K.L.:
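Quick one: structure below, then a few questions.
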Protein chains: 2
Amino acid sequence: MRKLTIKDVAKHAGVSTATISRVLNGSGYVSEDVRRRVLASVKELNYRPNAIARSLKQEKSRSIGMILPDMSNPYFMTIARTIQQRLVAEGYRLLFMDSDENPDKEREALDALLSNRVEGLLLAGTGGNKEQLRQLIGSGIPVVLVDRCVPGVSADLVMEDNRGPVRQAMEYLVSAGHRHIGMIHGPKTISTALERYEAAVRALQEAGLQVGEEYVYSGDFSRKSGKQAIQKLMKLPVPPTAVFSANNEMTFGLYLGLQEMGIGLDEVEVVSFGDLDFSSLFKHRLSVIMQHPESIGDSAAGILLDKLLHQKSAMENRIIIPKFVQKNKLSL
Amino acid sequence: MRKLTIKDVAKHAGVSTATISRVLNGSGYVSEDVRRRVLASVKELNYRPNAIARSLKQEKSRSIGMILPDMSNPYFMTIARTIQQRLVAEGYRLLFMDSDENPDKEREALDALLSNRVEGLLLAGTGGNKEQLRQLIGSGIPVVLVDRCVPGVSADLVMEDNRGPVRQAMEYLVSAGHRHIGMIHGPKTISTALERYEAAVRALQEAGLQVGEEYVYSGDFSRKSGKQAIQKLMKLPVPPTAVFSANNEMTFGLYLGLQEMGIGLDEVEVVSFGDLDFSSLFKHRLSVIMQHPESIGDSAAGILLDKLLHQKSAMENRIIIPKFVQKNKLSL
DNA sequence: TTGTACGCGTTATCAT
DNA sequence: ATGATAACGCGTACAA
């Protein structure tokens with residue numbers, strides 16, 4: 001089966017290529033008679049327009065780039081899913097890449113997307129590649145930062161408030177009587193990690209609690225690092241009675257770690273930024289700062305589409321407020 | 001910032017466009033002197049070749065399509081992640097779409113991918129769109145079916161053996177003394193669901209057990225349907241003492257359902273096709289048929305790349321054998 | 001070693 | 001209402 005082009009269809013239908021194009025795009029006038037003949041030929045030959053040629057001619061790729069840090073984190077995948085659906089519904093295709101929290105990979109992804117002339121970019125960044133991002137934004141391509149801001153780069157932004165809920169969570173822990181609170185944080189190059197860290201430390205200080213350095217563990221948002229963290233914390237001379245974990249994956253790791261050490265999962269009071277959707281299945285003393293990935297995705301896609309479809313240019317910052325929920329109060 | 005083309009670079013470097021192209025693609029001879037000048041110009045202007053034009057000219061899109069049923073199922077996302085990494089490493093880009101187990105969406109995705117002239121396709125199908133798939137394969141585009149075959153469509157295939165492990169699992173349940181075994185299956189249009197179903201029923205029959213219709217629930221591979229299933233099963237006059245669930249998400253739902261009904265999670269012996277990676281955290285009597293999404297992804301990408309890069313044409317069927325593991329024996 | 005010019009499959013402009 | 005044709009940005013055969 002040879003490569004089928006618009007010319008073949010034109011020949012088959014006995015009209016010019018221009019007419020085929022007009023029928024397929026609904027542009028210009030075409031008599032009902034000819035239209036039917038063309039459509040018949042298209043169907044018979046099973047012709048499908050070449051999107052690449054169309055893109056070149058129109059100087060529009062109809063594609064959007066998205067770079068997320070972790071394709072195996074349900075939080076990001078929910079965002080991805082939401083965005084994907086909205087964009088496809090509007091006739092865009094999504095070029096979706098995974099940076100793996102690695103600025104180098106992120107940079108490569110960025111390069112690839114630019115070569116493909118994406119019309120817009122959605123990014124949950126690693127914190128690096130600031131210069132490229134600035135250039136990119138300067139060049140007029142709409143960029144929407146998702147979940148995380150990139151300090152020094154000003155762009156549209158959809159994220160969740162990190163500070164407020166963390167403060168609330170810490171106040172809860174203190175009021176519950178905890179005096180030794182462990183902290184498992186993410187890489188400080190990532191804005192969400194930094195904000196959660198700062199807010200946590202400040203809230204405790206204001207509550208009159210000193211946070212010993214040995215109670216703070218710097219993880220990398222991975223399950224594995226959460227596990228290592230809790231195992232280190234629980235071996236302290238005075239182990240923490242409560243722990244704050246800065247994301248869902250590390251919290252998961254935390255519980256796996258406790259389990260492995262033979263420590264009851266409900267012996268430690270835990271606050272997690274981000275949900276563990278299976279937590280009702282085991283005994284815990286878990287409170288969660290509930291995130292809203294669907295809202296994030298929806299807002300981000302909405303803002304991007306506004307710029308793409310309606311040339312909106314004002315910059316938007318949408319902050320979604322996560323809710324602090326004591327799951328143990330609900331489920332046990 | 002205007003749109004930058006190869007001509008601008010040529011002008012800036014004082015050479016012809018052909019030379020620029022040669023430098024950038026490492027094709028043909030270019031003097032070291034000129035090469036340096038060109039690269040300097042490229043960097044200075046921050047020029048990036050237009051992948052769309054390149055694709056058109058070369059009649060190669062350098063992109064691969066992938067359609068998976070569920071972007072929120074960790075099993076599929078692990079496959080996706082693996083494939084994505086391998087393909088990107090070889091210079092391909094991955095157009096990744098989500099069919100949501102819906103043949104209509106799958107069809108749209110297929111159309112979009114064909115319009116984009118993907119050079120290969122990876123598909124975990126819904127079971128529909130057979131005619132299109134046959135055409136597609138006939139047209140010479142390498143297609144690798146992933147995780148699921150599509151009956152009546154012959155193509156390369158990487159999947160896991162469904163029958164063997166299920167038989168093993170059923171024999172285990174029977175030998176453990178269970179006489180009332182519930183079954184939660186997926187849609188029979190999906191090959192994995194059908195195979196698991198048939199194998200389960202046959203194994204029980206051969207063990208001399210009649211499976212009452214009321215013990216069989218037809219789910220849709222979703223968490224929600226697993227929950228509904230168990231809630232129905234446990235309300236039977238004689239509730240099952242063991243349940244077989246045909247995928248990970250339904251097993252998750254199963255436990256959520258038990259939890260909601262106030263039934264101890266370890267009161268029912270469960271066999272799940274596909275792992276629950278958090279199961280060590282709660283009391284269970286769970287056995288798992290462990291799948292190997294990384295192997296699936298790796299093999300699938302490998303086969304596709306062989307065809308793409310080395311024109312291999314022989315058809316391959318790779319069957320991976322999942323291991324039956326009694327998790328309770330390990331973790332409790 | 002380098003430059004000229006054509007063509008990839010479309011869409012859009014200008015005739016008719 | 002329809003057709004001829006230029007142009008989108010690039011790679012490459014051919015010429016020099």
Side-chain angles (χ1 to χ4, degrees), chain A residues 1-39 41-42 45-63 91 93 112 114-119 139, chain B residues 1-39 41-42 45-63 91 111-112 114-119 139:
Chain A
M1 200 192 282
R2 251 203 67 265
K3 218 138 270 190
L4 216 51
T5 81
I6 202 172
K7 284 185 192 168
D8 303 305
V9 184
K11 201 167 295 172
H12 186 273
V15 295
S16 77
T17 61
T19 300
I20 307 289
S21 176
R22 278 191 278 254
V23 170
L24 261 29
N25 297 296
S27 60
Y29 294 91
V30 177
S31 72
E32 196 46 42
D33 183 37
V34 172
R35 153 178 243 89
R36 261 196 294 272
R37 224 169 55 231
V38 168
L39 289 176
S41 293
V42 166
L45 299 178
N46 195 25
Y47 166 73
R48 210 180 298 278
N50 183 325
I52 297 174
R54 174 181 290 174
S55 288
L56 180 61
K57 172 61 188 172
Q58 297 189 147
E59 308 183 43
K60 294 215 163 134
S61 66
R62 300 287 291 167
S63 63
R93 53 185 159 278
L114 285 181
S115 284
N116 283 284
R117 300 298 189 263
V118 291
E119 296 179 39
S139 80
Chain B
M1 200 192 283
R2 249 202 71 264
K3 218 139 270 191
L4 217 49
T5 81
I6 203 174
K7 284 187 194 167
D8 301 306
V9 185
K11 200 166 296 173
H12 187 272
V15 295
S16 78
T17 61
T19 300
I20 306 290
S21 176
R22 279 191 277 256
V23 170
L24 260 29
N25 297 296
S27 60
Y29 295 92
V30 178
S31 72
E32 196 48 43
D33 182 37
V34 172
R35 151 178 245 88
R36 263 197 292 272
R37 224 169 53 230
V38 168
L39 289 176
S41 291
V42 166
L45 297 179
N46 194 27
Y47 167 72
R48 208 180 300 275
N50 183 326
I52 297 173
R54 173 180 289 175
S55 289
L56 182 61
K57 169 64 189 169
Q58 301 190 143
E59 307 183 42
K60 295 216 163 134
S61 65
R62 301 287 292 168
S63 62
D111 276 346
L114 285 182
S115 286
N116 282 285
R117 298 298 187 265
V118 291
E119 295 179 38
S139 81

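Letters go in sequence order (proteins before strands), and every chain restarts at 1. Given the structure is predicted, the values throughout are model-derived calculations rather than measurements.
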K.L.:
Figure out the NZ/C1' separation between A:K7 and C:dT11, and round it to whole Å.
P.N.:
14 Å
K.L.:
Of all of residues 50-59 of chain B, which get a heavy atom below 4.0 angstrom from DNA chain D, listed by number?
P.N.:
B:N50, B:A53, B:R54, B:K57, B:Q58
K.L.:
Test your reading of the model: is there a side-chain donor-acceptor pair from A:R93 to the backbone of A:S61, 3.5 Å cut-off?
P.N.:
yes
K.L.:
Rounded to the nearest angstrom, tell me the gap between atom NZ in A:K60 and atom C1' in D:dC8.
P.N.:
14 Å
K.L.:
What's the angle between the local helix axes at either end of the helix from C:dT1-D:dA16 to C:dT16-D:dA1, using five pairs per end and rounding to 10 degrees?
P.N.:
40°
K.L.:
For A:S27 and A:S21, which heavy atoms make the closest approach, and how far apart are they?
P.N.:
OG-O, 4.5 Å
K.L.:
Using modelled atom types only, decide if a donor and an acceptor are shared between the side chain of A:N50 and the backbone of A:I52 within a distance under 3.5 Å.
P.N.:
yes
K.L.:
So how far is it from A:R22 CZ to A:T17 OG1, rounded to the nearest 0.5 Å?
P.N.:
9.0 Å
K.L.:
Looking only at side-chain N and O atoms, does A:T19 come under 4.0 Å of OP1 or OP2 in D:dG3?
P.N.:
yes
K.L.:
What's the closest nucleotide to the side chain of A:T5 if the choices are D:dG9, D:dT2, C:dT10?
P.N.:
C:dT10
K.L.:
Heavy atoms, side chains only, cut-off 4.5 Å: are A:E59 and A:R117 in contact?
P.N.:
no
K.L.:
Please give me the minimum heavy-atom distance between B:L24 and B:P49, naming the atom from each residue.
P.N.:
CD2-CG, 4.2 Å
K.L.:
If you compare every side-chain N and O of B:T17 against the phosphate oxygens of C:dT4 (OP1, OP2), does one of them come in below 4.0 Å?
P.N.:
no
K.L.:
About how many Å separate NE2 of B:H12 and CD1 of B:I20, when rounded to the nearest 0.5 Å?
P.N.:
10.5 Å
K.L.:
From B:S115 OG over to A:R62 CZ, what is the distance, rounded to the nearest 0.5 angstrom?
P.N.:
12.5 Å
K.L.:
Between B:V9 and B:L45, what is the shortest heavy-atom contact and its length?
P.N.:
CA-CD1, 3.9 Å
K.L.:
Rounded off to whole Å, could you give me the CG-to-C1' distance for the B:N116 and C:dG9 pair?
P.N.:
14 Å
K.L.:
I need the CZ-C1' distance between A:R48 and C:dG9, as an integer number of Å.
P.N.:
16 Å
K.L.:
Kindly state which residues belonging to residues 21-29 of chain B come within less than 4.0 angstrom of DNA chain C, counting heavy atoms of the residue only, listed by number.
P.N.:
B:R22, B:Y29
K.L.:
Using whole Å, report how far CD1 of A:I6 lies from P of C:dC8.
P.N.:
14 Å
K.L.:
Output the rounded distance in Å from NZ (A:K11) to P (C:dG9).
P.N.:
12 Å
K.L.:
So which atom in B:Y47 and which in B:T5 form the shortest heavy-atom distance, rounded to 0.1 Å?
P.N.:
CE1-C, 3.7 Å
K.L.:
Which whole-number value in Å describes the distance from A:I20 CD1 to D:dA4 C1'?
P.N.:
15 Å
K.L.:
Give, for atom NZ of B:K57 and atom CG of A:L56, the distance between the pair rounded to the nearest 0.5 Å.
P.N.:
12.0 Å
